[in-house]
Amino acid sequence: MLGKDSQAYSQIQGCLLPLMSGVVVAVDPSVGSTSSQPGWAVYIQGELRASGTFSINPELPIWERLRILAYSMRKLYQEWDPDVLVYEDILAQAKGGNRNAGGHASLLKAVGAILSISGPDHCVGLYPISWKRMARTTYVKGDENDAIEIGWIAIEEAKRISEKDPPRSYGEKAKKRPTGPRKARSGADLP
Amino acid sequence: MAAPVGDASRQFMDRFSPALIEELCSVYRGQVHYVRDQILHGKVLVMDPSAGSLSSLPAYAYMRKGKVEESGVIEIPQDLLGKRATIDKRLFWIGQSLREKFPEKFDVLAVEYIHHTPMSNTVMPSFQHNIMSHGAIYASIPANHRVDMMPWAWHRNRPFDYIKSDLVDVQLMAKTLLEDAHNALSQKAHRGNP
């Protein structure tokens, strides 16, 4: 379940109807490598209609792979005319992250390429740490499966939110819960 | 003489080891050498990438036959730059603006290179959106060749009274690229290489 203060929550809340009854394209971003290719899935009225992966030659330089990724996304949009794009958002790495920084930068570029394309009116970005804990027990990791799962989670969250919380305008954040006054901490307080 | 720059910028640059700077700059020189003729005689687009913020916008310089014909910034509406605006809207705006402004294919696309990290093997969070804007630029501008403009390469052309701005930076990048292409050409003539 997404936190009310999260960006993904407000993004989903901004497009509840298109998520539940429109055309949704879900994407697991990648620039195409030997171990990973971009995965995609299409949902119509909450039902999975099609899914797959784009095939990008990992031997090509990264800028050409980004062009191919953008072209493939445009073709997908032309075919399905989606209302919502759901994508896996990439967190900035905190110092000490154990991931390859070059690969991480490539993923960020892939997300940038995907978001720059003309397409759906609404975008929902889900961080891996958020969607993986909401994944179904049947979920098996894979490029295509990730896209299927990301789309399913966004649609299920839309259903849950529409039952509990009335829609708000896009981008509007939930009010912060009132908290008590913070205890002042100074050097004198320390033992 | 070194130009005055902001403390934060200087401190960040100081964190790169001389060996890494040399390695990155040699990649840049190799790329310029390879496409020197296209830079001097073809259509070139130089981009200073940015995902858009209240302090920075993406800037471009359009060069044709070795001369800068146009330079400017990609204006982004204020409502997309506020704290509540999401990155997807800004990147879409940038991509759309670039596609409308530059529908033709370029011989060379030169984009300022953002190295993900000076020391450790991590992407610095402050660079996240800038790296994403790289992806938006590459996806939106068709080109035959690409050059990664190293910041250290064009910083040498900063005048003493340099005041940082998106437009000035991209103009300096274009100037540096032309100089380096000329240098690569004169080296070729000197060596008698084909």
Side-chain angles (χ1 to χ4, degrees), chain A residues 7-8 10-11 14 29-31 60-74 84-87 89-125 168-173, chain B residues 31 47 49-52 58 74 79-80 82-100 105 108-111 113-148:
Chain A
Q7 183 178 279
S10 59
Q11 284 176 328
S30 163
V31 285
L60 293 171
I62 185 168
W63 58 286
E64 282 190 29
R65 283 184 273 159
L66 288 166
R67 294 275 309 156
I68 294 168
L69 172 64
Y71 174 78
S72 308
M73 286 298 296
R74 274 197 290 272
V84 186
L85 165 70
V86 183
Y87 65 98
D89 209 349
I90 311 295
L91 268 173
Q93 249 175 332
K95 198 175 177 184
N98 56 5
R99 216 168 178 182
N100 171 283
H104 189 70
S106 299
L107 264 182
L108 288 169
K109 286 175 189 173
V111 174
I114 290 166
L115 293 179
S116 70
I117 300 162
S118 314
D121 293 333
H122 305 280
C123 285
V124 175
R168 270 197 303 261
S169 62
Y170 182 70
E172 190 184 339
K173 280 195 170 181
Chain B
Q31 289 176 338
M47 289 287 314
S50 164
I74 303 293
D79 58 323
L80 297 186
K83 281 185 178 174
R84 284 183 176 178
T86 48
I87 183 73
D88 57 274
K89 304 272 179 203
R90 290 204 298 276
L91 290 175
F92 170 68
W93 184 274
I94 291 167
Q96 187 74 359
S97 304
L98 289 173
R99 283 189 293 274
E100 282 173 6
K105 190 170 190 176
V108 180
L109 171 64
V111 185
Y113 181 78
I114 302 167
H115 195 64
H116 35 76
T117 172
M119 293 290 184
S120 57
N121 195 24
T122 59
V123 173
M124 292 176 70
S126 56
F127 286 3
Q128 186 185 16
H129 288 176
N130 261 352
I131 293 172
M132 287 165 91
S133 75
H134 263 227
I137 290 167
Y138 291 138
S140 306
I141 303 285
N144 292 325
H145 302 281
R146 186 198 62 166
V147 171
D148 294 316

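Labels below follow one simple rule: chain letters A, B, ... track the order of the sequence lines, proteins then strands, and each chain is numbered from 1. Note that this is a predicted model, so its numbers are computed, not measured.
- Of all the listed residues (A:E64, A:M73, A:R67), the one sharing the greatest number of non-hydrogen pairs under 4.5 Å with chain B is A:R67.
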A:V84 vs A:C123, test: side chain to side chain contact (heavy atoms under 4.5 Å, CB included). Steps then yes/no. CA-CA 6 Å; A:V84 186; A:C123 285; over 6 Å; no
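- Using a 4.5 Å cut-off between heavy atoms, B:L98 makes no contact with chain A at all.
- In terms of heavy-atom pairs under 4.5 angstrom with chain B, the leader among A:V31, A:D89, A:L69, A:L66 is A:L66.
- Contact annotation for A:I62: only side-chain heavy atoms (C-beta onward) come within less than 4.5 Å of a heavy atom of chain B.
- Across every non-hydrogen atom of B:M47 and B:L109, the tightest pair is CG-CD1, 4.1 Å.
- Heavy-atom pairs under 4.5 Å with chain B peak, among A:G119, A:A113, A:G125, at A:A113.
- Within the 4.5 angstrom heavy-atom criterion, atoms from both the backbone and the side chain of B:S140 approach chain A.
- Judged purely by atom type and a 3.5 angstrom limit, B:Q31 has no side-chain atom pairing as donor or acceptor with the backbone of B:A110.
- At most 12 heavy atoms of other shown residues, nucleotides or ligands fall within 6.0 angstrom of atom OH in A:Y71.
- Interface check for chain A: of the options B:A51, B:A143, B:A136, the most heavy-atom pairs under 4.5 Å are formed by B:A136.
- For chain A, no part of B:D148 is nearby; none of its heavy atoms comes within less than 4.5 Å.
- B:N144 approaches A:W63 most closely through the heavy-atom pair O-CH2, 3.2 Å.
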Go through the steps for B:L91 and A:V111 under the test side chain to side chain contact (heavy atoms under 4.5 Å, CB included), then give the verdict. CA-CA 10 Å; B:L91 290 175; A:V111 174; 5.8 Å; no
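- Interface remark: B:R99 contributes side-chain atoms only to the contact with chain A (heavy atom separation under 4.5 Å).
- Across all non-hydrogen atoms, the minimal contact from A:L108 to B:M132 is O-CG, 3.3 Å.
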